[in-house]
Amino acid sequence: MPADEADVPSVQQDAEFLYEYHQLHTEIDRKADAIFCLCSLDTRVAERAAQLFLDGYGDYLIFSGGSGKLTYGRFDKAEAEVFADIARRLGIPETKLIIEPHSTNTGENVRYTYTLLQEKQLSLRSFILVQKPYMERRTYATFKKQWPDPTTEIFVTSPKLAWKDYPNEDNPVDLVINIAVGDLIRIREYPGKSFQIPQDIPDRVWAAAQRLIKRGYDSHLP
């Protein structure tokens, strides 16, 4: 093998590099008005959000998500309803749950939830956003662009899982890599479409994504 090929990172190395970039590694050390969980195919996110509520980090627990591309046919009802069922089983009172079951993407999670809170006449000024680890950064950038009140304070977190521990039967490694690659492209392109605020992408992160695309991880590109 030529020396330059031997120096090329493996798929797993590049995937872990993207996985770490997508996380903001925010320490959750104070309470917010609400825990705002953006739903998806990974139900561990619901468990993380519910635990934060049970630990006293918010007065309400919001679940936002209808049926997206990755959950259509996987769940028998809206993502938000599936996640809320998990929260109920963990002991979250019904009076503390807020369910937005119609959104189909991150921007709609943000906008539809804002509208729902307005309808409920709830003035919430701070949120802990809970997402999959590899969607933390895009969630932050989307919220900062699309939430109407720029003074709202947000913190972003996710299930605390290292890359080697993240993929499982419901979140297979190839699917996760494809999504992580696609979301990096969205982070680069979406500010130009006014979907989110810009985020710095280091050259080595971009290079890792390009290598993964060349290796066939291109099924989630925008």
Side-chain angles (χ1 to χ4, degrees), residues 1-28 37-49 65 68-72 74 79 104-107 109-110 129-145 154-193 195-222:
M1 178 184 295
D4 56 346
E5 290 186 18
D7 293 335
V8 174
S10 68
V11 166
Q12 289 298 316
Q13 288 172 322
D14 278 339
E16 183 172 8
F17 201 40
L18 260 65
Y19 184 78
E20 289 298 319
Y21 167 77
H22 281 305
Q23 295 178 71
L24 300 176
H25 299 289
T26 303
E27 185 68 28
I28 305 301
C37 182
L38 293 86
C39 305
S40 65
L41 75 165
D42 189 350
T43 55
R44 292 172 294 185
V45 179
E47 295 169 359
R48 168 71 167 151
K69 290 188 294 185
L70 296 173
T71 55
Y72 181 77
R74 179 186 291 251
E79 296 166 5
T104 61
N105 57 52
T106 308
N109 289 145
V110 173
L129 308 181
V130 188
Q131 249 289 14
K132 300 185 295 294
Y134 58 91
M135 277 198 68
E136 282 192 23
R137 186 177 296 274
R138 191 158 78 85
T139 297
Y140 170 83
T142 302
F143 189 100
K144 296 296 283 185
K145 181 67 177 180
I154 62 169
F155 312 92
V156 187
T157 190
S158 61
K160 298 299 184 183
L161 294 167
W163 167 247
K164 65 181 179 63
D165 300 318
Y166 183 79
N168 63 10
E169 184 177 354
D170 293 328
N171 301 268
V173 62
D174 284 352
L175 176 61
V176 174
I177 295 174
N178 272 296
I179 298 171
V181 169
D183 275 2
L184 186 74
I185 306 303
R186 288 169 173 81
I187 285 171
R188 181 162 178 148
E189 294 184 357
Y190 278 8
K193 299 180 179 182
F195 292 165
Q196 61 187 48
I197 63 170
Q199 297 288 285
D200 179 61
I201 302 177
D203 290 342
R204 56 182 184 166
V205 173
W206 187 252
Q210 295 306 305
R211 286 191 295 269
L212 289 168
I213 291 171
K214 288 180 180 177
R215 287 164 162 163
Y217 293 94
D218 58 2
S219 67
H220 194 63
L221 299 180

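- The structure places CG of L18 at 13.0 Å from CD of Q13, a figure rounded to the nearest 0.5 Å.
- Atom CG of D170 sits about 10.5 Å away from atom CG of L175, to the nearest 0.5 Å.
- By the 6.0 Å and 45° rule, R211 does not stack over the aromatic ring of Y217.
- Checked by atom type and distance alone, the side chain of R48 never pairs as donor or acceptor with a backbone atom of V130 at under 3.5 Å.
- The neighbour count for K164 NZ, taken as heavy atoms of other residues, nucleotides or ligands under 6.0 Å away, does not exceed 12.
- Residues in residues 15-26 take part in no salt bridge (Lys or Arg N to Asp or Glu O under 4.0 Å) pair, two or more places apart or across chains.
- Between the side chains of E79 and T71, a donor-acceptor pair is found at a separation under 3.5 Å.
- Interatomic distance, S158 OG to E136 CD, rounded to the nearest 0.5 Å: 3.5 Å.
- In this structure, CG on D42 lies 7.0 Å from NZ on K132, to the nearest 0.5 angstrom.
- Using a 4.5 Å heavy-atom cutoff, the side chains of Q23 and Y134 are not in contact.
- From F155, atom CZ reaches atom CG of L24 across 12.5 Å, with rounding to the nearest 0.5 Å.
- Taking R138 as the reference, D183 meet the salt bridge (Lys or Arg N to Asp or Glu O under 4.0 Å) condition, with sequence neighbours excluded.
- More than 12 heavy atoms of other residues, nucleotides or ligands sit less than 6.0 Å from atom OH of Y166.
- Annotation: R204, atom CZ; neighbour count of heavy atoms from other residues, nucleotides and ligands within 6.0 Å does not exceed 12.
- Heavy atoms from other residues, nucleotides or ligands lying under 6.0 Å from CG of D165 number more than 12.
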